[in-house]
Each structure stands twice: as C-alpha cells, then as structure tokens.
Amino acid sequence: PHMRVWVHGGDPGSGKTIGSLQGPDGGATWPRLDGTPVALPATEDTVEVVHRAAPDATAGLRGSRLAVAPDGTPHVLWSDYAPRPQRSWLSRPKAGGGWEGTKLNPFLPSAFQDWGLLTPGGVTFNDGGDCYVALTLVKPSAPADPTTADRPAQDIALFHSRDGGTAFD
C-alpha cells in the first residue's frame, strides 16, 4: 500500500507539507522510497517529502489523492491556495531521489487560464497507463477562500494524460 500525508501547522492552521510513504510488506513497515526505514509515528521530517511550503509562506498546501500507476509509481495530487490563481500539481518520484511535479494549470483551455485550480480532486490510472485527474476549478471572482465560496463560483476540470501523467490534453 501507499499513503499520502498532509501535515498542518501554525495558527491558524494551514497545510505545510505534502508527503508519501509506502508499505511494501502490507503496511507492517513504512520505508521511504529509497528504502530508509521510517519510525512510527511518522512526522513531517521523516516522511518522503513531495513538497514543503516555504517557512515564511502565507499560502497553505492542500493534499488530495494518491494513485499508483500500472508500473508501481505513486503519483500525488496536491495544490496551494494562494496566491491567485490557485495552482495544482501531480507529483511523482524522480529517478535518483526526490519528487518532481507537473503543474496542471497550463493545461487548462485558454479561456480558463486565469481561473484557480484546487483540490479536492482525484487521480486514477487505467490498465494502459492513461492518467485521469479531476480538480475544482475556481472563478477569478470567487471569494479568497474557495472552500467556503458559492458553489456557482466553482466548476470541475478533467484532465487526461496518455503518457502517464506528464502532459495532459
């Protein structure tokens, strides 16, 4: 199994770290991708860090879903919610360590380039490796906190990738 981790902190609380762990033995242990054992309970300093907000960041991070591609590679969907427009990424492990992400906003149609793109959302793969991502699309005129916004200020964006989550149509 794989697990996506979303660590909150501060006052008021906001997302500070998006992480991941894998349990290759059915969850008896949770090592990092490089095999380093993680003592439980895991902390934001011991998880496999997908993305960490800057220490002075006023923006927070929002974790969403994790999907495992047919080749066994975990992909983590996440977003930040400031500055506007809000942005979302699909991240995966890099060869040699660390994580890299594909920013999804540039794949929006030109008429929606100034809209925000946020989690909640979802990500999945079919058996052929095509990746599908659904995210919340937020109008530029929506209130600053889209989690409490009018629902008419929001819509849904669906992305499809034929290359396993790097480029989308």
Smallest separation among heavy atoms of Pro70 and Phe125, with atom names: CD-CB, 3.9 Å

Close side-chain approach of Glu44 to Arg52, heavy-atom, < 4.5 Å: yes

Approximate separation, where rounding is to 0.5 Å, of His75 NE2 and Cys131 SG: 6.0 Å

Glu48 side-chain N/O to Leu21 backbone N/O, donor-acceptor pair under 3.5 Å: no

Non-hydrogen side-chain atoms of Val50 and Ser20 separated by less than 4.5 Å: yes

Ring pair (Phe, Tyr, Trp, His ring centres under 6.0 Å) partners for Trp115, two or more places apart: Phe112

Contacts of type ring pair (Phe, Tyr, Trp, His ring centres under 6.0 Å), residue His2, not counting sequence neighbours: none

Transitive ILVMFWY side-chain link Tyr132 to Val123, under 4.5 Å: no

Validation row: Pro24, Pro31 side chains within 4.5 angstrom (heavy atoms): yes

Side chain Arg65, main chain Leu77, donor-acceptor under 3.5 Å: no

Asp34 side chain to Thr36 side chain, donor-acceptor N/O pair below 3.5 angstrom: yes

Qualifying residues under side chain to side chain donor-acceptor pair (under 3.5 Å), relative to Asp130, sequence neighbours excluded: His160

Short side-chain donor-acceptor distance under 3.5 Å, Trp78 and Ser88: no

Ile156, CD1 atom: more than 12 neighbouring heavy atoms under 6.0 Å: no

Contacts of Trp99 that satisfy ring pair (Phe, Tyr, Trp, His ring centres under 6.0 Å) - sequence neighbours left out: none

Transitive ILVMFWY side-chain link Ile18 to Val133, under 4.5 Å: no

Test item: Phe168 and Leu104 side chains (from C-beta on) under 4.5 Å apart, heavy atoms: yes

Thr136 side chain to Thr119 backbone, donor-acceptor under 3.5 Å: no

Under 3.5 Å donor-acceptor, Asp80 side chain and Arg87 backbone: yes

Side-chain touch Trp30/Leu40, heavy atoms, less than 4.5 angstrom: yes

Validation row: Thr166, Ser161 side chains within 4.5 angstrom (heavy atoms): no

Heavy-atom side-chain contact between Lys16 and Leu61 under 4.5 Å: no

Any Pro85 side-chain heavy atom under 4.5 Å of Asp114 side chain: no

Set of residues satisfying side chain to side chain donor-acceptor pair (under 3.5 Å) with respect to Arg92, sequence neighbours excluded: Thr102

Pairs meeting criterion salt bridge (charged side-chain N to carboxylate O under 4.0 Å, His left out) with involvement of residues 157-168, two or more places apart: Arg162-Asp169

N/O donor-acceptor pair under 3.5 Å between Thr43 side chain and Asp45 backbone: yes

side-chain contact (heavy atoms from CB on, under 4.5 Å) partner of Leu117, the single match among Trp89, Phe159, Phe107: Phe159

Connected via hydrophobic side-chain network under 4.5 Å: Leu90 and Leu66: no

Gln113 side chain to Leu108 backbone, donor-acceptor under 3.5 Å: yes

Euclidean distance, Leu118 CG relative to Ser64 OG, rounded to 0.5 Å: 10.0 Å

Closest contact, heavy atoms only, Leu33 versus Pro93: CD1-CG, 3.3 Å

